[in-house]
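This report concerns only the one structure given below.
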Amino acid sequence: MCARTVAWLALILGSSTLAAQAPTFSSRVEAVRIDALVTDGRGQPILGLAADDFEVTDSGVLQRVNLVVAEQLPLKVVLALDSSGSVAADDAAQLRTAGHSLIDNLKPGDQAALVTFTTAVSVRARLTSNFGLLRDALDREIGGIGDTSIVDATYAALLLAGADAARGLLILFTDGEDTSSILTSTSVLESARRADAVVYPVVADISAAPRFLNDLCKATGGRLMRVGSMSKLREAFLLILEEFRHRYLLSYTPRSVAKDGWHPLTVRIKNRRAVVNARPGYFAGS
Amino acid sequence: MSEQLSLVGRHTLGGNDDAVANFASWTRRDLEDVSNEWKRLVKAAHANSSGAWRPVALEPYGVISAETLDLLLERTAMLHTDVAIFRRNWNGYSLPLDPATEHPLSIDGRSLGVSTGTFHWEAARRLLDLVPTSAPANAGVLLWYQTTAAILQWWNDYYELEPHLARARGRFPRDAVLLMYDGTVHENLAEPRIQNVNAPQSGDRNGPPMPCLRLGCPPTSSSRPKKPGFATPALEWRTAQALFEQSLKLDPNLAEARIRLARVLALQDQHEAAITHLNQVLTGSASLPPRLRYFSLLFLGREQWTLERREEAEIAYREAAALYPGAQSPQLGLSQLAHHRGDRERALAHLAILEAPAASDDRDDPWWTYNRVHVPDAIALMTLLVERLSK
C-alpha cells in the first residue's frame, strides 16, 4: 500500500543513526513515501541532497516532505527470474552467477527473496536475511521448460517486496514477452501503483522490451535495463543495487488532498537541473 | 502393399510394437508408393460407371467386401498415426530424414531454428480420403480427425494442424467439434508465443509461416493446401470468434466452444458479452466437466474484476479455487482482490500455494494447458478410436 501507517517510519527515524533528522510522527498518521532517483544530464546519481531541495506535489498540492537517508535503510530485494523454456542452460548458469553476486553485495539487515517463473510462478525463498538459504534456492534447477508468466510473477514479487520498515526493490529478469499469465497487465499495473516497491526489469536478447515492463517502470519509478549478452547480467544486477542505494526516500503526510483514489505526484529539484525518476502517483483506498 | 498389410495385421492399435518399429524405417518414397497402390486398388473397386462396388482381391484376405476395405484403410491409417505418435521427439520425429518437411521451430516465443516433420500424417489422410463419405466407416474417419487434431493441438503443432483441419473440415463441414478445434487454432495464433516469433504486418493475412512450437511439424508440399500463415491478433481473434459462433449454431450445448468464444470476446474488450456466455455455460448443464467449469469460473472472475465487480469476481474465483485447490490462477485473482482491499496479509496468504514445487501434482492448474487440451482430451478420444477399430 502506498498510504500506510508510519509505524515503520517512526521505528526507523527513532533509531540512533537517524535520530538527528527525525521528525516527530504519530504512529497513526497516514504517510506516503516516494523512492526517487535523481540524476544529472549524464545519468549519474546526484548525491547529498536535503529535504529542502525537493519540491513534491500530491494532486497538485505542494507537500512538506521529510527525507530519509535511504542508504541506511535495509532493503527488501526480490529477485524474479524467468525460468521458462526459452532460457537455455548456459543462460541459467549466468542467472545463478548474477544472483549470487547480488546476494554477496547485500548488507546486514537487508532481506531478499527468490521467485522463478515459467508458466508456473514459484516462490523459491520468501524474504529472508539468511543468505545461505537464498544461495541454496538459486542453485536449484532454473530454466528449460514452460511458458512465460511475467505478469503473474510480477504481481507475486511485488507483494513479497512490499515495504514495511524497509525499501522494496524488485529485480525482474526475462528474455521474452508474457505468454501465459492469467492476470491482466492492466490489473497488475494497478497493483504496482498500490505497492511501494520499485521495479527494475532486466531484459535480454529481445529487440523491443515488452510494453508491460516499460509501463511497470513508469508506474513504480524504476528503470529498464537491457543486457546485450547474458554475461553482462551480473554487472546489471550490481548496477541496479548500487543505483537503488543512491536513491532518496521522501515521505510526507498528505494534506489538502482527497483521501481515496488516484493521487498524481510530481517530484522536482529546486534551483538545479536534474532528472527525477519516481513513481507518477499512487492509489489510496479501494 | 502386402508388406504394409502384414504390418497392419501384426500391429496392436495404439501400441508401440514391432510393426511400428518396422514401419518407422520406411522412407517418404516408400510411403508415397504404397499410398498410390491403395489409390489404384480403391479406384478398381469402384471402376464401373455407377460407382457401385466391384469385388477386389487383396492378399492375404482374398476377395474382400467394401466394409473390409474401409476397415483396412482405417487400420492402416492408424498404423501411420501410431508411428507419428511414438516417433515424436522434442524437436521433430525420429524417422528417416525428409528434407522436404523442414519448417521453423520455436519454443516459448523464441525461434530455435529448423525442425522436420513426417509424411505419415499426410499418408494417413490420403488413405482415409479413399473411404466413401456414404460408408458406415465415415463415422470412424470423423473420430480419427477429431482425435488426431486433439493430439496435434496438444503438441501445439500448428504447422501440421492447419492442413489437417482444412482436410477435416472439407470432409465434415458441419461438424461443430472440428469448427471449435479450428477456432482454437486461431485463438492460439493470436497469442504472444506465436506472434513473437515473427510478427506479421498489420492487416496481413498472408504473414509469416506458422511456427511449430516445441515439437516438429511438417512443411508445405505440393500435396498440401497452401498455408495462410498467421495474421495480427485482432484478425485472429475475429476469425476464432466466427468459428466458435458457427460451432455453437450447430451445437449450442458445446460448452467448450462457448467458453473459448467468451475468452476471445473478452480479449476484444467485449466483457459483458463474455460474462453472458460464461454464465450460460455455468447454468446450462449440471454435468459440466470440472475442467470446463473451472475455466468458466476463472474467466468469469477475471471479467468481473475488469468491470470492477469485486464481490462477483471473488465468488467466481473462490468456486474455481474449490474445484482445483492447488491451482495458482484463482489464488492470484483472490490475492489481487485482497490487495485491492488493503489486506496485504490475506493477499500474501493466497500466494502460499506458490511455495510448493511447481512440478508437484498438488499444483495442477488446468489454465497451464488451456491452449493445448480439449475436453474430452486426446487420450480419451484415442481410447475411443482404438476401441472402435478393435471391434
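Please read these numbers as outputs of a predicted model, since none were measured by experiment. Lettering follows sequence order; numbering is per chain, from 1.
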> Taking it one step at a time, do B:Glu191 and A:Thr179 satisfy side chain to side chain contact (heavy atoms under 4.5 Å, CB included)?
Replying inline: CA-CA 7 Å; B:Glu191 295 290 313; A:Thr179 57; over 6 Å; no
>> side chain to side chain contact (heavy atoms under 4.5 Å, CB included) for B:Leu354 and A:Val115? Distances and angles first, verdict last.
In response: CA-CA 9 Å; B:Leu354 305 185; A:Val115 173; over 6 Å; no
>> Using only atom types and a distance under 3.5 Å, with no angle test, would you say the side chain of A:Tyr155 pairs donor to acceptor with the backbone of B:Gly333?
In response: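 Not a single qualifying donor-acceptor pair exists.
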> Any donor-acceptor pair under 3.5 Å linking the side chain of B:Glu355 with the backbone of A:Ser122?
Replying inline: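 No; zero donor-acceptor contacts below 3.5 Å.
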>> What's the separation between atom CG in A:Leu160 and atom CG in B:Leu348, rounded to the nearest 0.5 Å?
In response: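 Reported value, rounded in 0.5 Å steps: 6.0 Å.
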>> Tell me every residue that passes side chain to side chain contact (heavy atoms under 4.5 Å, CB included) with B:Asp377, counting only those two or more places apart in sequence or in another chain.
In response: B:Val373, B:Ile379, B:Ala380
> Looking at B:His350, B:Arg302, B:Arg310, which makes the most heavy-atom pairs under 4.5 Å with chain A?
Replying inline: B:Arg302
> Among B:Trp367, B:Tyr370, B:Trp368, whose side chain to side chain contact (heavy atoms under 4.5 Å, CB included) with A:Ile182 holds?
Replying inline: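 By the side chain to side chain contact (heavy atoms under 4.5 Å, CB included) criterion, A:Ile182 pairs with just one of B:Trp367, B:Tyr370, B:Trp368: B:Trp367.
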> Looking at A:Leu159 and B:His339, what are the two nearest heavy atoms and their distance?
Replying inline: CD1-CD2, 3.4 Å
> Is there a side-chain contact between B:Gln195 and A:Glu177 (heavy atoms, below 4.5 Å)?
Replying inline: no
> So which part of A:Thr186 gets closer than 4.5 Å to some heavy atom of chain B, the side chain, the backbone, both or neither?
Replying inline: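 When you check distances to chain B, no heavy atom of A:Thr186 falls under 4.5 Å.
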> For residues B:Gln336 and A:Ser187, is any side-chain donor paired with an opposing acceptor at under 3.5 Å?
Replying inline: yes
